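Fair warning: this is a prediction, and the values are worked out from it, not measured in the lab. For the numbers below, each heavy atom of this structure counts, side chains included, while hydrogens, waters and symmetry mates do not.
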Amino acid sequence: MKPLYDPPKQSGAGQFFDSAFLLVLVYVALFTPLILGLTGAGSTNVMPETVNWETLEQNEVMQGQWEKLGYTPDTAAEIITTKFDYSIDPLMLLLTAAVIIGYFVFLVRVSDKEYRDVIAEKFDH
């Protein structure tokens with residue numbers, strides 16, 4: 001008969017360290033693109049020669065909303081004319097998919113033995 005599965009014990013300090021470590025990893029993952037300048041890299045700004053609401057293609061309702069926010073055509077022009085490029089790089093998309101799929105395969109393979117031990121303990125008496 002197999003011995004009963006005894007999960008590893010972790011102290012409160014270990015749990016705190018694990019939580020803090022995961023929190024740091026999340027912040028690093030979120031701020032790395034900002035630090036490396038990888039955000040907003042695909043933007044273009046086409047400013048018309050004369051800046052007014054009509055050349056910025058803003059109707060009366062839009063103009064009113066901009067003015068409620070304290071903008072004039074000159075101050076809103078840069079915001080309105082900045083367009084972002086949302087094209088997808090197929091190679092980077094495939095690389096991202098491979099990393100995510102690889103992570104899940106790794107997770108299942110590493111956890112497989114523990115899952116089998118728990119199932120054997122519960123159902124193989």
Side-chain angles (χ1 to χ4, degrees):
M1 183 167 159
K2 287 187 175 184
L4 291 178
Y5 174 76
D6 186 25
K9 305 288 186 241
Q10 187 177 27
S11 67
Q15 291 177 12
F16 177 78
F17 174 78
D18 285 350
S19 299
F21 182 70
L22 287 174
L23 187 63
V24 168
L25 287 178
V26 167
Y27 277 106
V28 167
L30 292 174
F31 282 112
T32 299
L34 289 173
I35 293 169
L36 297 178
L38 299 174
T39 58
S43 62
T44 59
N45 191 333
V46 181
M47 191 72 66
E49 286 184 27
T50 57
V51 176
N52 57 41
W53 292 125
E54 290 76 29
T55 58
L56 294 173
E57 299 176 358
Q58 301 295 298
N59 62 33
E60 290 181 23
V61 175
M62 294 172 168
Q63 294 171 29
Q65 297 302 317
W66 282 110
E67 289 166 358
K68 286 180 186 177
L69 293 171
Y71 286 97
T72 65
D74 292 325
T75 57
E78 187 174 343
I79 299 170
I80 295 170
T81 59
T82 301
K83 308 291 183 198
F84 293 99
D85 179 16
Y86 293 106
S87 61
I88 296 173
D89 181 6
L91 181 63
M92 292 307 292
L93 179 63
L94 289 174
L95 179 64
T96 302
V99 167
I100 292 170
I101 292 167
Y103 168 74
F104 283 111
V105 168
F106 169 77
L107 184 68
V108 169
R109 287 186 180 236
V110 168
S111 301
D112 186 53
K113 182 183 181 311
E114 289 185 22
Y115 290 145
R116 290 183 188 278
D117 289 345
V118 170
I119 290 170
E121 176 188 340
K122 297 291 182 187
F123 300 106
D124 292 343
H125 284 16

Worksheet entry | Gln58 side chain to Met62 backbone, donor-acceptor under 3.5 Å | no
Discussion item. Strictly distance-based, threshold 3.5 Å: is any side-chain N or O of Thr75 a donor or acceptor partner for the main-chain N or O of Tyr71?
Written reply: no
From [X] atom [atom1] to [Y] atom [atom2], the distance as rounded to the nearest 0.5 Å:
X     : Y     : atom1 : atom2 : answer
Asp18 : Leu23 : CG    : CG    : 12.5 Å
Leu93 : Ile88 : CG    : CD1   : 6.0 Å
Met47 : Thr82 : CE    : OG1   : 7.0 Å
Leu56 : Thr50 : CG    : OG1   : 9.0 Å

Same apolar cluster: [X] and [Y], side chain cutoff 4.5 Å:
X     : Y     : result
Phe84 : Val46 : no
Ile79 : Leu69 : yes
Phe17 : Tyr27 : no

Worksheet, complete the sentence: Heavy atoms of Ile80 and Trp53 approach each other most closely as CD1-CZ3, 4.1 Å
Could you tell me whether [X] atom [atom1] has more than 12 heavy atoms of other residues or ligands within 6.0 Å of it?
X      : atom1 : value
Glu57  : CD    : no
Glu60  : CD    : no
Glu67  : CD    : yes
Leu107 : CG    : yes

Worksheet item: Would you say the side chain of Thr81 lies within less than 4.5 Å of the side chain of Pro48, judging by non-hydrogen atoms?
Response: yes
Worksheet item: Heavy-atom distance under 4.5 Å between the side chains of Gln65 and Lys68, does that happen here?
Response: yes
Discussion item. Tell me every residue that passes side chain to side chain contact (heavy atoms under 4.5 Å, CB included) with Ile100, counting only those two or more places apart in sequence or in another chain.
Written reply: Thr96, Phe104
